[in-house]
Amino acid sequence: METLKEKQKAQKSATTIKVSGAEAIIHCLLAEGVDLLYGYPGGAIMPVYDELYKFQDRLTHILTRHEQGATHAAQGYARVSGKVGVAMATSGPGATNLVTGLADAQIDSTPMVCITGQVPRHLLGSDAFQETDIIGISTPVTKWNYQITKASEIPEIMAKAFYIAKSGRPGPVLVDITKNAQFDEFEFAYEACTGVRSYNPVPKPDMKSIESAAELINTAKKPYIVWGQGVILGEAEAQLKALVEKAGIPAAWTILGASALDTAHPLNVGMVGMHGNYGPNILTNECDVLIAIGMRFDDRVTGSLDTYAKQAKVIHFEIDRAEIDKNVKADVAVLGDSKETLGLLLPLIQDNKHEAWHDEFKKKYQIEFDQVIKNDIHPTKEGLTMGEVIEEINLASENKAVIVTDVGQHQMIACRYAKFNRSKSNITSGGLGTMGFALPAAIGAKMGAMDREVVAIIGDGGYQMTIQELGVIFQHNVPVKIVVLNNDHLGMVRQWQELFFDKRYASTVMVNPDFVKIAEGYHIESKRVTERKDLRATVQEMMASKKPYFLEVKVEKEDNVFPMIPSGASVSDIRLK
């Protein structure tokens with residue numbers, strides 16, 4: 001008869017294999033369902049790349065032209081697909097080049113796992129070649145990080161990394177692996193992580209708080225919803241729509257929340273924030289109940305906190321306890337996953353219309369349309385505007401495209417005027433405001449949603465920060481559409497200099513290269529539009545193309561983005577000109 005020890009030995013041999021740490025990394029990625037990652041090899045991560053070569057039929061690696069590009073591509077992939085983005089780099093400068101992307105993912109709640117190589121364990125702290133304390137450097141900009149120094153740690157730490165990155169409020173995780181741990185062999189077995197001690201990623205909803213929220217909503221005369229990316233991350237789009245329609249509540253969005261509700265929905269009243277719509281900003285200070293869903297009351301949304309919605313009862317639906325009362329004090333805090341908490345709220349909500357309250361938004365919209373919008377999207381002046389370019393893209397894409405924006409005037413114009421009829425369609429750098437984000441993020445977005453058209457809207461300044469990633473588009477034939485709105489300036493900085501620095505245009509004029517020739521150098525079909533008569537046909541040609549396409553549009557140099565809330569001012573002080 002087989003002894004217990006023999007049974008245990010047989011069971012162990014059936015579930016474990018002896019591998020190197022480097023091969024273990026690959027098995028961990030495959031176990032987590034990863035089939036695509038971005039990165040840049042180097043000495044300290046070379047053992048993992050050697051194993052990756054052996055598994056290239058199951059795991060596609062995209063060589064970006066800079067490690068920052070790898071993180072932004074992983075972000076774009078994650079934001080569109082809903083999966084965890086993965087990026088990999090070597091030690092020293094390779095690792096430090098990931099930091100901007102990590103910070104961007106942290107503040108925008110993007111699930112990402114970054115893997116970095118490190119010098120051997122015995123050289124740690126010796127200032128060895130390409131040694132950098134990436135754990136210390138990345139601690140403030142990651143949800144969690146860990147340095148592996150023994151191969152046997154790899155399965156547990158990698159499982160934990162993916163669990164933490166995607167659970168609760170998502171975020172970036174960095175795993176640093178010493179070179180000795182990549183070479184050493186051990187008995188490998190993988191078990192997915194389902195929980196971490198003292199980590200409660202999704203608070204259990206409290207029915208009392210949900211009932212209190214329902215009572216406030218049902219008795220409100222001027223209720224108002226502002227939703228953020230938490231709705232998209234929680235996959236609560238259907239619940240948001242049901243709440244809006246049942247209670248008849250006007251609803252506005254932060255830029256990261258855009259596309260959770262169809263742009264054309266009659267109760268979607270537009271964007272809040274510094275360059276948001278006039279009505280949604282002004283009427284924030286006139287509502288009697290403010291319902292914040294999956295948003296963090298960022299300063300670009302609230303303006304001066306001393307004057308923000310002081311007249312209103314505030315209900316805050318939020319998954320992250322740290323956000324409650326951080327900026328705006330909540331009268332009712334509803335903790336939990338937005339899909340679950342909104343689902344519990346809906347049966348308690350009474351049918352309503354609030355027609356007079358809606359009329360206030362319509363009146364404010366008409367003011368904004370007459371003074372701003374019609375001039376942006378239907379200009380009568382000779383020069384091209386950013387707004388009319390976005391309108392042509394809406395028309396050619398039938399509002400179905402994923403729009404990936406960089407940072408600056410073009411970003412605010414695109415967020416204001418792009419139209420969406422599907423969630424996960426607006427990909428931008430929100431909290432960190434990272435110039436150079438859009439091009440690599442668009443590559444990742446396209447790879448995460450090959451069935452969708454992906455259009456990168458970029459300014460001439462940000463474009464040149466990661467322009468080398470055109471090499472990825474060329475090498476892998478990624479059919480992304482790139483639109484550079486070129487005003488030969490750092491446009492947003494120039495606008496601030498005009499309005500607040502007495503037109504002292506310090507270091508904002510751009511002397512640009514020939515962008516079309518550069519794109520042609522990467523064998524990407526390219527065109528330049530300088531006149532309105534050529535715009536529509538060229539945009540339609542671009543959208544119809546099945547290949548990568550670059551379009552430069554020369555726009556007005558001194559156009560400003562309005563409305564605008566001056567920095568630190570009240571949302572009531574929004575300017576139309």
Side-chain angles (χ1 to χ4, degrees), residues 72 74-85 104-112 143 165-172 201-202 225-245 251-265 267-273 276 291-298 300-301 316-320 323 334-343 345-346 399-405 411 414-415 418-432 437 441-442 444-445 448-449 451-452 454:
H72 294 329
Q75 286 177 272
Y77 175 85
R79 296 265 289 272
V80 166
S81 70
K83 300 177 183 179
V84 177
D104 197 285
Q106 173 80 336
I107 201 166
D108 282 355
S109 304
T110 304
M112 181 167 68
K143 190 177 178 184
K166 65 189 176 184
S167 59
R169 181 180 182 176
V202 184
I225 290 172
V226 177
W227 86 82
Q229 189 184 202
V231 171
I232 296 172
L233 294 173
E235 299 182 345
E237 294 92 343
Q239 287 73 20
L240 171 67
K241 183 180 179 183
L243 173 62
V244 166
E245 292 178 346
W253 38 272
T254 69
I255 62 170
L256 291 180
S259 80
L261 185 65
D262 194 320
T263 309
H265 195 288
L267 296 174
N268 183 340
V269 295
M271 183 171 79
V272 293
I291 306 141
I293 306 174
M295 55 87 77
R296 59 190 178 85
F297 291 110
D298 175 73
R300 287 294 173 101
V301 166
H316 195 175
F317 287 81
E318 177 59 50
I319 199 169
D320 186 353
E323 293 297 342
V334 182
L335 281 164
D337 175 79
S338 57
K339 186 173 186 176
E340 183 180 8
T341 54
L342 291 179
L345 175 74
L346 276 166
N399 305 340
K400 295 177 182 178
V402 175
I403 303 295
V404 185
T405 50
Q411 176 192 33
C415 288
K419 295 175 182 176
F420 305 112
N421 52 29
R422 180 174 171 180
S423 189
K424 297 188 177 82
S425 293
N426 185 56
I427 312 301
T428 194
S429 174
L432 196 65
F437 172 86
D451 61 323
R452 304 189 66 188
V454 175

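This one's a predicted model, so the numbers in the text were calculated from it and none came from an experiment. Residue numbers start at 1 and run along the sequence shown.
- With values rounded to the nearest 0.5 angstrom, His72 atom NE2 is found 11.0 Å from Thr110 atom OG1.
- Minimum heavy-atom separation, Lys166 to Pro170: O-CG, 4.5 Å.
- Side chain of Trp227 to main chain of Ala251: no donor-acceptor pair is present (N/O by atom type, distance under 3.5 Å, no hydrogens or angles).
- Using a 4.5 Å heavy-atom cutoff, the side chains of Asn268 and Trp253 are in contact.
- Side-chain contact between Lys400 and Arg422 is absent, with no heavy atoms from C-beta onward closer than 4.5 Å.
- Of the inter-residue distances, the one linking Ile319 atom CD1 with Asp337 atom CG reads 5.0 Å to the nearest 0.5 angstrom.
- Relative orientation of the Phe297 and His316 rings is perpendicular, given thresholds of 30° and 60° on the angle between their planes.
- Side-chain contact between Val454 and Val80: absent, with no pair of heavy atoms (C-beta onward) separated by less than 4.5 Å.
- When side chains are defined from C-beta on, Lys143 counts as touching Ser167, because their heavy atoms get closer than 4.5 Å.
- The distance from the CD1 atom of Ile427 to the CG atom of Leu256 is 9.0 Å, given to the nearest 0.5 Å.
- Taken from CD in Glu340 to CG in Leu342, the straight-line distance is 10.5 Å, to the nearest 0.5 Å.
- To the nearest 0.5 Å, the span separating CZ on Arg169 from CG on Asp320 amounts to 5.0 Å.
- At distances below 3.5 Å, at least one donor-acceptor pair connects side-chain atoms of Asp108 with backbone N or O atoms of Gly430.
- The two residues Ile232 and Glu237 come nearest to each other via the heavy atoms CA-OE2, 3.7 Å.
- Between the side chains of Ser425 and Arg452, at least one donor N or O sits under 3.5 Å from an acceptor N or O.
- One distance of note links CZ of Arg79 with NZ of Lys424; it measures 11.5 Å at 0.5 Å rounding.
- Here the side chains of Asp298 and Thr254 are not in contact, with every heavy-atom distance at 4.5 Å or above.
- Nearest heavy-atom pair across Ala414 and Thr405 is CB-CG2, 3.4 Å.
- Using modelled atom types, one finds a donor on one side chain and an acceptor on the other under 3.5 Å when comparing Ser429 with Asp104.
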Item to check | Derivation of the side-chain contact (heavy atoms from CB on, under 4.5 Å) call for Leu432 and Phe437 | outcome: CA-CA 10 Å; Leu432 196 65; Phe437 172 86; over 6 Å; no
Checklist entry - Which is it for Met295 and Val272 under the side-chain contact (heavy atoms from CB on, under 4.5 Å) test, yes or no, and what are the steps along the way? => result CA-CA 12 Å; Met295 55 87 77; Val272 293; 5.7 Å; no
Item to check | Check against side-chain contact (heavy atoms from CB on, under 4.5 Å), Ile225 and Val244 | outcome: CA-CA 8 Å; Ile225 290 172; Val244 166; 3.8 Å; yes
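- Annotation for Val84 and Ala165: closest pair CG1-CB, 4.4 Å, computed over non-hydrogen atoms.
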